[in-house]
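This is a predicted model, so every value here is computed, not measured.
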Amino acid sequence: MISQIHVYPPLGVLTSVRQKTICFRVYFVICDDAMQRAKEEICEVEVWTDMRGDVSWEGVALEKLQEETAHSADNEMVLLDQAQLPHGHHIKSFGLSIPSTTPKASHFEFTVRWRKDSQSDWQWVSDLGQNARVVVYRNVPDLNHRPALNHWRQQLRHLLLKDDSTAQPLTPIADSWRASNTSASCVFKPQGKQQTRGEIAFGRLASIERYLAFVRKDKFWIIPQNGSGSLDLNGFEIVILICELCNGAVAAMMPLVKDDTRAITVTFLAAPENKLSLLAAPPSLCTSNIGIRVAASVSGDIQSAVEELFCRIHQSVATYGSSDIPLIQRNECSYKSLVSLSSSLGYCTWNTFYQNISKDAIVSTLKDIKQAADLSKQPMPKWIMIDDGWQSVDRYNGLGKLYDIYANEEKFPGQLKCMVLELANIGIQRVGVWHALWGYWGGIDPDGPLATRYNVEKHHRKASSAVKEDSDVWLISSKDINQFYDEFYEWLYLQGISFVKVDYQSAFETLGAYTAASDCHDGGYAISELYFAYYNAMENVPESHGWHIYCNMANSIWSRMLYGYFVTDWDMFKPGRRESRMHSISRIMSGGPVYITGDKDDFTAQNLSEVAGRGSQILECNAPLIDSNSAFADSTQSPRLLLSSCASHMNPSVLIYMCNVSAGTVVSSVDISQLYRSVRRNSSQILDVQSPRVSTTHSLYAIHQYSTRKILVAEDLGSIYAIALQPLTCDILTVAPMSVFRSTDRSALLHVACIGDITRYGGVNVVERDVSSVLPDSPRGPSPCMNDRTELAERYSWNIRAKVSLPSSKVAFVFYVRKGANCSKDLSLSVTNIRASGVNLNIDDWTFDSFANVLSVAIPFQTNSQNDEPSTRITVTLSCSFV
């Protein structure tokens, strides 16, 4: 009868609450056949909790929530997609919201119990020891209201303590402080002596609530590790450490080396009692006067703390050594990247061919995909990455050595240029190739032509996860490295190759001693487009897919600070798999390139038109902001959704990404208000329309759910939303503030939003100018409504205008009308005419959906021109009226 019970905040994990209310929700997933019995059998549901602050526990009754899809009891809006529930099942919901001041203590636990009636025994939802833990932060300063200037400096002063019996605070470098009303940062100089293997004592953390550490895995990956209380990191080297303090503030720390003459890495190591030491490598270069420092910052949320940390690090590095290191200014990372590979659909050979590639195999597969694209009207990839397997090497594995810079003649007769020309004939505009940093995994063949043209040096490489055994490698000498890459890249350019993927970039750390080779990092060559990846998903390992998404989303906390210099690469995905929709939506949200792999059958197994439009255009997003509760808990191991959001480039809308990366179905509540306001606060663009007839403080918001195409209108985003997702599935909400237009007599208000192309992931990014109102005969400017008085009614009319980019398939507008204070009659809304320059519009194809004074209009576009370039823009004007 009851197949699943879901609780929010989730059981078994710690959840922080920063809002003014604490919301409890319990969702019973019930078979339809037993629904009537369930209504009789679930009569009482309680939160069993110790929130009163003493040792006693008590039950707090939850209220039954209505099951409509609009506003219901306790201000809940339901966005449940029935496809995400077991077949023939529905949800019965209970909930309660209480002020955050109700709990007597800042920490409390709870579980849930339910019963049929007052005479029945209670049934418990969780096992003993699986309670939900909640911490309530009541005094965290709101960054919008800005606390006293010295507030954050005081927070940072007590973050780190000396590692001795005195427990005195560590003293930062006196002139290293940066402080403002929203954050503070400083730099520490380690005082401890170097131990064996380059370890230097640093200090210990004061009391923390939760932590998120970005650690090195096998030297090749940066992955998130998180927990609460004490640092339990199993000896991982920590690159960045983020801590949620007991008062709700967030601190971030990162070690750095102020020495541009030697290749040195430095990381944190954690020990019991939250002690931190610094590990510098290689130990032979780590002398007592090395420029090791630790930058630290504090603010009111994760993103602001990390942003301040990176600004402080860049200033610290730029004031030492090279003066031409660019500074990343505050919020500069938020602007749109212009890297071209991110704006069109791509293809990678790896998961299709692995190292068994050839010119014939690649061209044949892309021709088949082109034919399938023409038949199915799917977007065709516009660029291709030729991965490992094309080079002249003695063997294609981790021990393989590069024989020469040219392609394998047997696989690519005529070298790469012939393949590039054939691919261009089927619409592939750019071709890139893979290579390892040393040329190939095992370096240079000492008996090959390269060894006769360049000086090579022998080194011993230690075993790693990439190469499982020790081996000797020969590398181009540091004095010849510039010349080698000049020859290599010039040849690639002449072959028609326009970009490269450089792999194995941590290779030098596998060498026993790499002082002589370290200068290879300072080569004078330039790579025009640079992407980096974090962690790959294994195609045939189901559990790796959720971990892949969580790792990359968490890493965006720090990688978004580098936008404008780097673009994150979440790797390829194969269409048509169970998890493919999750991967494709995630790539769109990442702000990086979106590219597929596979053959013709894979290509046609998924509707890729949702990913890319006509012309294979990708609607690029800003880098996402992850929700704090998603960041501080591993979403693959807890019954919560992975939540993030990103701001649109050109309008004030926000995309909210919800993903279930765990192994079981999750039904959860989502606080859209917090996600929306967090990302808008971190956006550098001020997009409110400034006109006397358009409200600059939006009181209503249009919310569009991609999976169900459901549209809701919400007031002030204060509602809680119920979302259900099966394992390895996701959904997108578009939240668009509605512009307000008033009638001249103020008897009626019209709220309008353009939510973009509703057939594509991230479709709101086609909206380049938010809605405004103009007179029918006026090219621009605000307008009140035009009143048309008749004997039967008074009609109010506007021309509503918005600018959108093409190619777009179906752009939707949402209208909501409500009465003014002096209006006593019912209002009926209609759209009578739609015009767009350069576009064919047929009223028979318009899609109208009307409910509760809400009218949505979806407009399909068919351009007059065959030119579907992304730069094409049109202005859409709708004549709207209501009586």
Going from [atom1] on [X] to [atom2] on [Y], what distance comes out if it is rounded to the nearest 0.5 angstrom?
{"X": "Cys754", "Y": "Phe813", "atom1": "SG", "atom2": "CZ", "answer": "4.0 Å"}
{"X": "Asn226", "Y": "Leu14", "atom1": "CG", "atom2": "CG", "answer": "11.0 Å"}
{"X": "Leu700", "Y": "Leu712", "atom1": "CG", "atom2": "CG", "answer": "12.5 Å"}
{"X": "Cys659", "Y": "Met589", "atom1": "SG", "atom2": "CE", "answer": "10.5 Å"}
{"X": "Ile656", "Y": "Cys646", "atom1": "CD1", "atom2": "SG", "answer": "9.5 Å"}
{"X": "Asp671", "Y": "Cys23", "atom1": "CG", "atom2": "SG", "answer": "7.0 Å"}

Looking at every heavy atom in both [X] and [Y], which two are closest together, and how far apart are they?
{"X": "Tyr137", "Y": "Ser16", "value": "CE1-CB, 3.6 Å"}
{"X": "Val13", "Y": "Ser638", "value": "CG1-CB, 3.5 Å"}
{"X": "Ile755", "Y": "Ala736", "value": "CG2-CB, 4.0 Å"}
{"X": "Asn351", "Y": "Lys574", "value": "O-NZ, 3.4 Å"}
{"X": "Ala612", "Y": "Pro379", "value": "O-CG, 3.6 Å"}
{"X": "Ile302", "Y": "Ala631", "value": "CD1-CB, 3.7 Å"}

Test item: [X] side-chain N/O and [Y] main-chain N/O as donor-acceptor pair under 3.5 Å:
{"X": "Ser344", "Y": "Lys382", "result": "no"}
{"X": "Thr636", "Y": "Gly546", "result": "no"}
{"X": "Ser678", "Y": "Gln674", "result": "no"}
{"X": "Ser584", "Y": "Ser580", "result": "yes"}
{"X": "Asp731", "Y": "Gln705", "result": "no"}
{"X": "Ser645", "Y": "Leu675", "result": "yes"}
{"X": "Gln378", "Y": "Leu608", "result": "yes"}
{"X": "Gln606", "Y": "Gly576", "result": "yes"}
{"X": "Ser586", "Y": "Met582", "result": "yes"}
{"X": "Arg640", "Y": "Asn660", "result": "no"}

Do [X] and [Y] come close enough that some side-chain heavy atom pair is under 4.5 Å?
{"X": "Asp571", "Y": "Tyr595", "result": "yes"}
{"X": "Val661", "Y": "Leu641", "result": "no"}
{"X": "Pro593", "Y": "Asp569", "result": "yes"}
{"X": "Leu625", "Y": "Arg560", "result": "yes"}
{"X": "Pro381", "Y": "Phe603", "result": "yes"}
{"X": "Ile557", "Y": "Ile626", "result": "yes"}
{"X": "Val670", "Y": "Met658", "result": "yes"}
{"X": "Thr568", "Y": "Asn555", "result": "no"}

Working note: Leu345 + Met380, criterion side chain to side chain contact (heavy atoms under 4.5 Å, CB included); need CA distance, chi angles, decisive distance, verdict.
CA-CA 7 Å; Leu345 185 66; Met380 173 69 184; over 6 Å; no
Regarding Arg18 and Glu244, does a basic nitrogen lie under 4.0 Å from an acidic carboxylate oxygen?
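Answer for the salt bridge query: yes.
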So, are Arg577 and Asp602 salt-bridged, with charged N and O less than 4.0 Å apart?
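Yes, charged N to carboxylate O under 4.0 Å.
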Can you tell me how the ring of [X] sits relative to the ring of [Y], calling it parallel under 30°, perpendicular over 60° and tilted otherwise?
{"X": "Tyr816", "Y": "His751", "answer": "tilted"}
{"X": "His583", "Y": "Phe573", "answer": "parallel"}
{"X": "Tyr550", "Y": "Trp547", "answer": "tilted"}

In sequence, state the C-alpha distance, the side-chain angles, and the governing distance for Thr15 and Asn629, and then conclude on side-chain hydrogen bond (donor to acceptor under 3.5 Å, both in side chains).
CA-CA 6 Å; Thr15 299; Asn629 280 316; 4.9 Å; no
CA sep, side-chain torsions, deciding dist, call: Glu308, Ser297, side-chain hydrogen bond (donor to acceptor under 3.5 Å, both in side chains):
CA-CA 6 Å; Glu308 176 63 26; Ser297 67; over 6 Å; no
After noting the C-alpha distance and the side-chain angles of Tyr8 and Val667, does the key distance pass the side chain to side chain contact (heavy atoms under 4.5 Å, CB included) rule?
CA-CA 8 Å; Tyr8 179 85; Val667 182; over 6 Å; no
Let me see the working for Trp383 and Tyr347 under side chain to side chain contact (heavy atoms under 4.5 Å, CB included), right down to the final yes or no.
CA-CA 6 Å; Trp383 57 268; Tyr347 183 91; over 6 Å; no
Establish, for the pair Arg25 and Tyr27, whether the NZ or CZ atom is under 6.0 angstrom from the six-membered ring centre and no further than 45 degrees off its axis.
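The answer is no; the distance or angle limit is not met.
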Side chain to side chain contact (heavy atoms under 4.5 Å, CB included) for Ile672 and Leu733? Distances and angles first, verdict last.
CA-CA 9 Å; Ile672 293 181; Leu733 297 180; 3.4 Å; yes
